Protein chains: 2
Amino acid sequence: MRRDIFQAIADPTRRAIIALIALQAMTPNAIAEHFDTSRQAVSKHLRVLTECELVKQTQQGREIYYELEISKMKEIDKWLNQFRKIWEERFDNLDKYLAKIQKERKHGKS
Amino acid sequence: MRRDIFQAIADPTRRAIIALIALQAMTPNAIAEHFDTSRQAVSKHLRVLTECELVKQTQQGREIYYELEISKMKEIDKWLNQFRKIWEERFDNLDKYLAKIQKERKHGKS
DNA sequence: CTATTGCGCAACCAAATAGTTGCATATATA
DNA sequence: TATATATGCAACTATTTGGTTGCGCAATAG
């Protein structure tokens, strides 16, 4: 079974759950109430999220609170970094290009 | 058929393709040579990437070059932003906490 | 102690997905 | 013009996935 963070955030319901519990830990029932899915469906999503360590549980009596392991989200950020370099470069090139045009215009080359 | 950028980057082969063509546009055959999959499999991945506008094609004779639409990657970055706020806050709280301990130590409360 | 509640888990099912095979089409080459 | 090459596309298959149903277990309430 493939189980990584990218596969975890592929599902829109799972992204919604992540956004929801980012603010505060919640029980499966409480989470399920925010969507039109069953508690079991949410439970399965939570299992996926737990398996890739995006979420951690805290038992409190018979309730289980699920909390976002927010530092894990940085892995996505880390992966994005390689592209961030490239898109910043593009902006630099655009800047240089604009500067060049500007310069040429000043010299009456337009 | 669900087709968004999060689903597109869920597949590891697709992520590898993205990283590969981020540097320079490539043809399906050239891409396939970098992996141990068939050209057709790569072609299907490219279709998925094209459908969610992560990739654009340029025909050149009988070759088709696939190029990463890098600005599209910012959508992931944008989604991450909501969590970035939270994790920065956590760091702030940690800083405050450390400052507090430091202060207490100065006052001989340790 | 019994009933209820919150939950996980396994079995099952329909839909989606990644990959393969076998074409068709367009461009290039001999 | 005949052949080779680069590619897309449709059909088929095995696997995965998201969801449902039903069960069992532990904690709480009556």
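Keep in mind that what you see is a predicted model, and the values were worked out from it rather than measured. Proteins get letters first, then strands, A, B, ... in listed order; numbering begins at 1 in each.
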**Asked** D:dT16 C1' sits how many Å from A:Gln7 CD, rounded?
**Response** 9 Å
**Message:** Quick check against the 3.5 Å criterion: does A:Gln60 have a side-chain atom that pairs as donor or acceptor with the backbone of A:Arg62?
**Reply:** no
**Request:** Indicate yes or no for a side-chain donor-acceptor contact from B:Arg39 to the backbone of B:Ala32 under 3.5 Å, with no hydrogens or angles considered.
**Result:** no
**Message:** Between A:Gln82 and A:Trp79 (side chain of the first, backbone of the second, donor and acceptor by atom type, cut-off under 3.5 Å), is there such a pair?
**Reply:** yes
**Fill in**
Nearest heavy-atom approach of B:Ala25 to B:Glu67 is CB-CB, 4.0 Å
**Item:** Test item: B:Arg15 side-chain N/O and B:Ile9 main-chain N/O as donor-acceptor pair under 3.5 Å
**Value:** yes
**Prompt:** Taking DNA chain C as the partner, which of residues 37-47 of chain B come within under 4.0 angstrom of it by heavy atom?
**Reply:** B:Ser38, B:Gln40, B:Ala41, B:Lys44, B:His45
**Request:** Could you point out which residue of B:Ile18, B:Thr50, B:Ile17, B:Val48 forms a side chain to side chain contact (heavy atoms under 4.5 Å, CB included) with B:Val55?
**Result:** B:Thr50
**Request:** Identify, residue by residue, the members of residues 53-61 of chain B with a heavy atom below 4.0 Å from DNA chain D, and return them in order of residue number, or none.
**Result:** none
**Request:** Would you mind reading off the distance between B:Arg14 atom CZ and C:dG19 atom C1', rounded to a whole angstrom?
**Result:** 12 Å
**Request:** Grab the CD-C1' distance between B:Glu33 and D:dA6 for me, whole Å please.
**Result:** 12 Å
**Prompt:** Should the heavy atoms of other residues, nucleotides or ligands under 6.0 Å from CG of B:Asp36 be counted, would the total exceed 12?
**Reply:** no
**Message:** Without decimals, in angstroms, what is the distance between B:Arg62 CZ and C:dA24 C1'?
**Reply:** 16 Å
**Message:** So does B:Val42 get a backbone contact from the side chain of B:Gln40, meaning a donor-acceptor N/O pair under 3.5 Å?
**Reply:** no
**Gap between atoms OH and C1', on A:Tyr65 and D:dA27 respectively (whole Å)** = 14 Å
**Fill in**
Taking D:dG8, D:dT7, C:dA18 as options, the one with an atom nearest any side-chain atom of B:Asn29 is D:dT7
